[in-house]
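Notes follow once the structure below has been shown.
On a predicted model such as this, the values are computed, not experimentally measured, just so you know. What's counted below: heavy atoms across the whole structure, side chains too, no hydrogens, waters or symmetry copies. Naming: A, B, ... by sequence-line order, numbering from 1 per chain.
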Number of protein chains: 2
Amino acid sequence: MGREISSNDKCDMSLCPVNKAMEYLSKKWSIEIIRDMFFGKTRFSQFKEDKPKLSNKVLSDCLKHLESKGIIKKRIISDTPTVTEYYLTERGKSLNKVIYELAVFTIDCNDNEEYLDESARMERKKEFREILDIDIE
Amino acid sequence: MGREISSNDKCDMSLCPVNKAMEYLSKKWSIEIIRDMFFGKTRFSQFKEDKPKLSNKVLSDCLKHLESKGIIKKRIISDTPTVTEYYLTERGKSLNKVIYELAVFTIDCNDNEEYLDESARMERKKEFREILDIDIE
DNA sequence: CGGGATCCGGATGGATACTG
DNA sequence: CAGTATCCATCCGGATCCCG
């Protein structure tokens, strides 16, 4: 650990930026939907793929919440039939590193489906950096 | 965006490492409790400070869940009175960059309580890197 | 007194059916 | 296709109690 807490540190965590971030992301499906958007998904029905337990109601609520927070933007393509697309705003795109570190956490812990050796893990991370548009530092 | 999705990409997101990470962190208070631990908190009552809406039951459930996932470890210090301390495991500590990027997201979006100029934001991030034990890269 | 467990009402989530 | 309406299940939050 970097340092210990001391009694005269001001430790009012209610102002911590991590809390603020969680206001945006604490809804159960938010992160996965944002991840989907980085992977190129834009449509209501696409977000439901691979998420059998995500209902219309909850997805609808979640999209509205993310839109109200300025993370995503809705664009109506056609009325009949209804075609709507959702995009990440610049602010939404700035979540790329959060998504990346979540992926890296799992990849490095090797609690993925299959075992990955060091070079495979590196490759997997590189794939994510490309998709998430993260520069190698 | 780094690249677009194509129809013959295999896009089964159910295996995505981000999903796996969310199994650990999706509970409403998990991230904030882990953040608290990085800040040096170890006790049941400390986790409740600054979280007036966190009930005993939910905190208790959350700590058990994190322990079952290998993120934290419980240590009994004394029986009478009962004194218990909770610590991050190595695996838990490897969440430091996730926490960091959540903080950076808020700091850079300037949706913090107060407005921060560039140098103040840098300073704030540095504080987090020290607490989270992240090397400047 | 600290670390819980229990109980219960309200909020949130999930499955299905239906509509513009 | 993208939602809404409805109904039920599950989870959360607040109060209270328990136990060493």
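Remark: C1' of D:dG14 and CH2 of B:Trp29 are 13 Å apart, rounded to the nearest angstrom. Taking atom NZ of residue A:Lys53 and atom P of nucleotide D:dA9, one finds them 15 Å apart after rounding to whole Å. A:Lys41 has its NZ atom 16 Å from the C1' atom of D:dC1, to the nearest Å. Between the NZ atom of B:Lys27 and the P atom of D:dT10 there is a distance of 14 Å, given to the nearest Å. Rounded to whole angstrom, the span from the NE2 atom of B:His65 across to the P atom of D:dC11 amounts to 11 Å.
In 5' to 3' order, the nucleotides of DNA chain C bounding all contacts with chain B (an atom under 4.0 Å from a heavy atom) are C:dG2 to C:dC7.
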Can you tabulate the close N/O pairs, meaning under 3.5 Å, that link protein atoms to atoms of nucleotides 15-20 of chain D?
none

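For the atom pair SG of A:Cys109 and NZ of B:Lys20, the computed distance is 11.0 Å after rounding to the nearest 0.5 Å. Between A:Leu63 atom CG and A:Phe44 atom CZ the span is 6.5 Å, to the nearest 0.5 Å.
Here B:Lys74 lies in heavy-atom contact (under 4.0 Å) with sugar-phosphate atoms only. Within 4.0 Å of A:Lys64, counting heavy atoms only, lie sugar-phosphate atoms of the nucleic acid but no base atom. In this structure, B:Lys48 reaches neither bases nor backbone, as no heavy-atom distance under 4.0 Å exists between it and the strands shown.
By the 6.0 Å and 45° rule, B:Lys73 does not stack over the aromatic ring of B:Tyr87. A:Tyr86 does not carry A:Lys74 over the face of its six-membered ring by the limits of under 6.0 Å from the centre and within 45° of the normal.
Only one option out of A:Asp36, A:Ile34, A:Thr106, A:Ile31 pairs with B:Val18 in a side chain to side chain contact (heavy atoms under 4.5 Å, CB included); it is A:Ile31.
Nearest-nucleotide positions on DNA chain C place B:Arg43 closer to the 5' end than the other of A:Pro52 and B:Arg43.
Between A:Glu49 and B:Met13, every side-chain heavy-atom pair lies at or beyond the 4.5 Å cut-off.
A sub-4.0 Å separation between OP1 or OP2 of D:dG3 and a side-chain N or O of A:Tyr86 is present.
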- Could you go step by step and tell me if A:Met37 and A:Phe47 meet the side chain to side chain contact (heavy atoms under 4.5 Å, CB included) rule? CA-CA 9 Å; A:Met37 291 190 184; A:Phe47 301 131; 3.5 Å; yes
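Ion pairing between a basic and an acidic side chain is recognised when a charged N comes within 4.0 Å of a carboxylate O; A:Asp108 and A:Lys125 show such pairing.
More than 12 heavy atoms of other residues, nucleotides or ligands shown are found within 6.0 angstrom of CG on B:Asp117.
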